[in-house]
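Structure first, then comments.
Source: prediction; values computed, not measured.
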Amino acid sequence: QVQLVEAGGGLVQAGGSLRLSCAASGRTFSRYSMGWFRQAPGKEREFVASINSSGGSSYYADSVKGRFTISRDNAKNTVYLQMNALKLEDTARYYCAADGYTAQAMAASPRGFGIDYWGRGTLVTVSQ
């Protein structure tokens, strides 16, 4: 079983930057594709970004392309989400996810259906 713990959320001004991290327990981190989903108040959960087990391929939702970057450090069992040029609509609770299949498949799951493991999330609030 994989346990995921997110960190780095908080309050940031529009146009600013924030970096989220997700630490995974165990020694099998490098076997999993990793991703980020988010859920804004009153909205459905949506895909944000994913990265394959080696870190060689990544995928992004259209809404964050060019602004967000996902990365991973397998030696530290950690995945990151660098968020730049933040917008008000980026306000949401951000969830880390791990899956035994591909990052591409994770990106094709708009609501995160079928994902193996989830963190509890970290809240990001973007202010005017």
Side-chain angles (χ1 to χ4, degrees):
Q1 189 173 356
V2 176
Q3 189 171 19
L4 305 173
V5 181
E6 301 96 333
L11 178 65
V12 63
Q13 290 184 334
S17 298
L18 204 62
R19 190 177 77 158
L20 307 182
S21 63
C22 173
S25 64
R27 299 180 179 180
T28 61
F29 176 77
S30 62
R31 300 179 185 177
Y32 291 91
S33 297
M34 302 294 297
W36 292 93
F37 290 75
R38 67 187 182 185
Q39 187 169 23
K43 295 185 177 181
E44 299 284 340
R45 184 171 60 192
E46 64 178 354
F47 169 77
V48 177
S50 63
I51 189 167
N52 71 344
S53 59
S54 68
S57 299
S58 58
Y59 305 87
Y60 298 92
D62 289 341
S63 59
V64 306
K65 285 181 180 177
R67 301 189 298 119
F68 290 11
T69 302
I70 188 171
S71 62
R72 67 191 296 161
D73 186 340
N74 287 346
K76 297 181 179 179
N77 283 12
T78 303
V79 63
Y80 303 93
L81 184 68
Q82 178 66 46
M83 305 184 295
N84 299 325
L86 283 161
K87 304 176 180 179
L88 293 178
E89 52 263 43
D90 294 320
T91 295
R93 192 167 186 87
Y94 284 72
Y95 297 90
C96 180
D99 194 76
Y101 201 49
T102 65
Q104 186 175 26
M106 184 177 291
S109 180
R111 302 289 183 259
F113 181 79
I115 300 297
D116 292 338
Y117 301 101
W118 293 94
R120 293 182 178 182
T122 185
L123 182 63
V124 173
T125 302
V126 183
S127 66
Q128 295 179 331

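The two residues Tyr101 and Ala105 make their nearest non-hydrogen contact at CD2-CB, 3.4 Å. The two atoms that bring Ala97 and Ile115 nearest to each other are CB-CG2, 3.6 Å, heavy atoms only. Between Ala24 and Val2, the closest heavy-atom pair is CB-CG1, 4.4 Å. Taking all atoms of both residues into account, the shortest heavy-atom contact from Ala85 to Ser17 is N-OG, 4.4 Å. For Trp36 against Ser21, the heavy-atom pair with the smallest separation is CH2-O, 3.6 Å. Closest of all the heavy-atom pairs between Met34 and Ala98 is SD-CB, 3.5 Å.
Without hydrogens or angle criteria, Thr91 side chain to Leu88 main chain gives a donor-acceptor distance under 3.5 Å. For Tyr60 (side chain) and Ile70 (main-chain N/O), a donor-acceptor pair under 3.5 Å exists by modelled atom type. Between the side chain of Ser33 and the backbone N or O of Ala103, at least one donor-acceptor pair lies under 3.5 Å. Asn52 contributes a side-chain N or O that, together with a main-chain N or O of Gly55, makes up a donor-acceptor pair within less than 3.5 Å. Distance alone, capped at 3.5 Å, is enough to place a donor-acceptor pair between the Glu6 side chain and the Cys96 backbone. The closest donor-acceptor contact from the side chain of Ser25 to the backbone of Gln3 lies under 3.5 Å. The main-chain N or O of Ser30 is never found under 3.5 Å from a side-chain atom of Asn74 such that the two would form a donor-acceptor pair. Within the 3.5 Å criterion, the main-chain N or O of Gln39 finds no donor-acceptor partner in the side chain of Arg45.
Within 6.0 Å of atom CZ in Arg31, 12 or fewer heavy atoms from other residues, nucleotides or ligands are found, so the atom counts as exposed in its surroundings. The local environment of CD in Glu89 is crowded, with over 12 non-hydrogen atoms from other residues, nucleotides or ligands closer than 6.0 Å.
From Ser53, atom OG reaches atom CZ of Arg72 across 6.0 Å, with rounding to the nearest 0.5 Å. To the nearest 0.5 Å, the span separating OH on Tyr59 from CE on Met106 amounts to 11.5 Å. Atom-to-atom distance recorded for Ile51:CD1 and Tyr80:OH is 11.5 Å, nearest 0.5 angstrom. For the atom pair Thr125 OG1 and Arg93 CZ, the distance stands at 10.0 Å (nearest 0.5 Å). Between atom CG of residue Leu4 and atom CH2 of residue Trp118 there is a gap of 10.0 Å, rounded to the nearest 0.5 Å. The distance from the SG atom of Cys22 to the CG atom of Asn77 is 10.0 Å, given to the nearest 0.5 Å.
Taking 4.5 Å as the limit, every side-chain heavy atom of Leu81 sits out of range of all side-chain heavy atoms of Arg19. For the pair Tyr94 and Leu18, the minimum side-chain heavy-atom distance is 4.5 Å or more. Two residues are said to be in side-chain contact when any heavy atoms from C-beta on lie closer than 4.5 Å; Tyr117 and Asp99 fail this criterion. Between Thr122 and Tyr95 the shortest side-chain heavy-atom distance does not fall below 4.5 Å. Side-chain atoms of Leu11 and Ser127, non-hydrogen and from C-beta on, do get closer than 4.5 Å to each other.
Between Phe47 and Phe37, the ring planes are perpendicular. Angles over 60° get that label, and only those under 30° would be called parallel.
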One pair to check against salt bridge (charged side-chain N to carboxylate O under 4.0 Å, His left out): Asp90 and Lys87. What are the steps and the verdict? CA-CA 5 Å; Asp90 294 320; Lys87 304 176 180 179; over 6 Å; no
Would Asn84 and Phe68 count as a side-chain contact (heavy atoms from CB on, under 4.5 Å) here? Give the steps. CA-CA 6 Å; Asn84 299 325; Phe68 290 11; 6.0 Å; no
Walk me through it: do Glu46 and Arg38 pass the test salt bridge (charged side-chain N to carboxylate O under 4.0 Å, His left out)? CA-CA 5 Å; Glu46 64 178 354; Arg38 67 187 182 185; 2.7 Å; yes
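Side chains of Thr78 and Asp73: a donor-acceptor N/O pair is absent below 3.5 angstrom, by distance only.
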